Student: 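Mind having a look at this structure? Questions to follow.
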Amino acid sequence: MNVLKWYDTHQRILPWRAEKGQAPNPYYVYLSEIMLQQTTVATVTDYFERFITKWPTLEALAEASLDEVLVQWQGLGYYSRARNLHAAAKILAKLSKIPSDPKILKELPGIGDYTAAAIASIAFDYPIIPIDGNIMRVFARLFAIPYPLPFLKKEVFIYTSHMADGVYPGDFAQALMDLGAMICRPLNPKCAECPLTTKCQAYNEGKVSEFPVLKIKPEKPTRYGIAYILLCEGKILLEKRPLKGLLGGMMGVPTTPWGNEALNPEDFFKFEKNLEWYEVSKQVKHTFTHFHLHLTVKVGAIYNTNTVIFKSDGYGQKIFDGHWVTLDNLENVALPTVMKKVIKQIPDEIFKKDSKQI
Ligand code: SF4
């Protein structure tokens, strides 16, 4: 067990990890694994600390409101994770425990094969190896597996299913994760420091740079939209996005739908027919998993927050259901990163002055 020996002295110190000789805290493992979906350890660490300070137990998290959770989550991205985390915490708090069986874990919102295996093995020493990108890379090189994803994952699953039954499955899984993150890195792997050199086929054949075999990625499309910043007496008009879909449940300034072509502003909604909009010269650019987004930003002002605002979607007009939020209070609002970028476009002189002066 070269890998376990190596792990004993080289493991990463992570705030959700149990210290040597201590049992893992299943809540910490669960919370960290949800946060780590699609996100790096470096980014997650601060968020994790903030969450366990505010909600030290699963029960405390279950009692929080979804809005509170979304506010703490803002900036971490993939907001469906926050909604699922909150929904699952409520279910788990009723059970008074986190299940150890990956099949049961997978029935919870937001938990797929990988997360179920990671929680089960790390928190409960369940004999299963979660297959993440790091582990796939290690195995692709170790056995010189000649396939790109998704076939690589199936092949790695076959290899790992024979290995999980050994002693300390949790440590074994974490050792492989750490080895992938610290030694068998995507670029410039540190083979000289690796405990697996004698067994590594790619290394012994001098072909490390050829594995894993990469799949050619299709180019991400670009979508376009217009974001409207409407100000009134030091407040900004925000709307809550629908719970389902991208950035669901988060707050943001109203935008046109995000389409594949640059939009003609007249084709979509406007708030008040005669309102003059100031167009910010710089577009806001943001990249989501499946597309790039370019937003044109328009800033306008009205004089009374009680003004009834209509929104037209090109087919008809309806009363716009928005929330006026004081500009100074925006840090307490669950704003996704793209919306923070948009709001940053408010010219400084407008942000500081009363918006009536636009
Ligand atoms: S020897 Fe090199 S390529 Fe092989 S597993 Fe170790 S770090 Fe990765």
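Counting from 1, the numbers follow the sequence of the chain as shown. Remember, it's 1-based here, ligands and their atoms both numbered in the order they're listed. Worth saying up front: this structure is predicted, and the values here are computed from it rather than measured. Scope of the values below: all heavy atoms of this structure, side chains included, with no hydrogens, waters or symmetry mates.
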Student: Centre of Tyr47's six-membered ring, under 6.0 Å away, within 45 degrees of the axis: is that where NZ or CZ of Arg50 sits?
Tutor: yes
Student: Using distance alone, with no hydrogens and no angle criterion, decide if Lys341 and His286 have a side-chain donor and acceptor under 3.5 Å apart.
Tutor: yes
Student: Numbering the atoms of ligand 1 from 1, which are under 4.0 Å from a heavy atom of Val208?
Tutor: 3 (S)
Student: Restricting to N/O/S atoms, is Cys194 within less than 2.8 Å of atom 2 (Fe) of ligand 1 or not?
Tutor: no
Student: Identify, for atom 8 (Fe) of ligand 1, the protein heavy atom at the shortest distance, and state residue, atom and that distance.
Tutor: Cys184 SG, 2.4 Å
Student: What residue and atom, counting heavy atoms only, is the protein's closest point to atom 2 (Fe) of ligand 1, and at what distance?
Tutor: Cys191 SG, 2.3 Å
Student: So that I can check it, does any N, O or S atom in Cys200 come closer than 2.8 Å to atom 4 (Fe) of ligand 1?
Tutor: yes
Student: Would one find more than 12 heavy atoms of other residues, nucleotides or ligands at under 6.0 Å from atom NZ of Lys220?
Tutor: yes
Student: Are Arg223 and Phe291 in a cation-pi setup, meaning NZ or CZ lies under 6.0 angstrom from the ring centre and within 45 degrees of the ring axis?
Tutor: yes
Student: Starting from atom 3 (S) of ligand 1, what is the nearest protein heavy atom, named by residue and atom, and what distance separates them?
Tutor: Arg141 CD, 3.6 Å
Student: Side chains of Gln38 and Thr289: is there a donor and an acceptor less than 3.5 Å apart?
Tutor: no
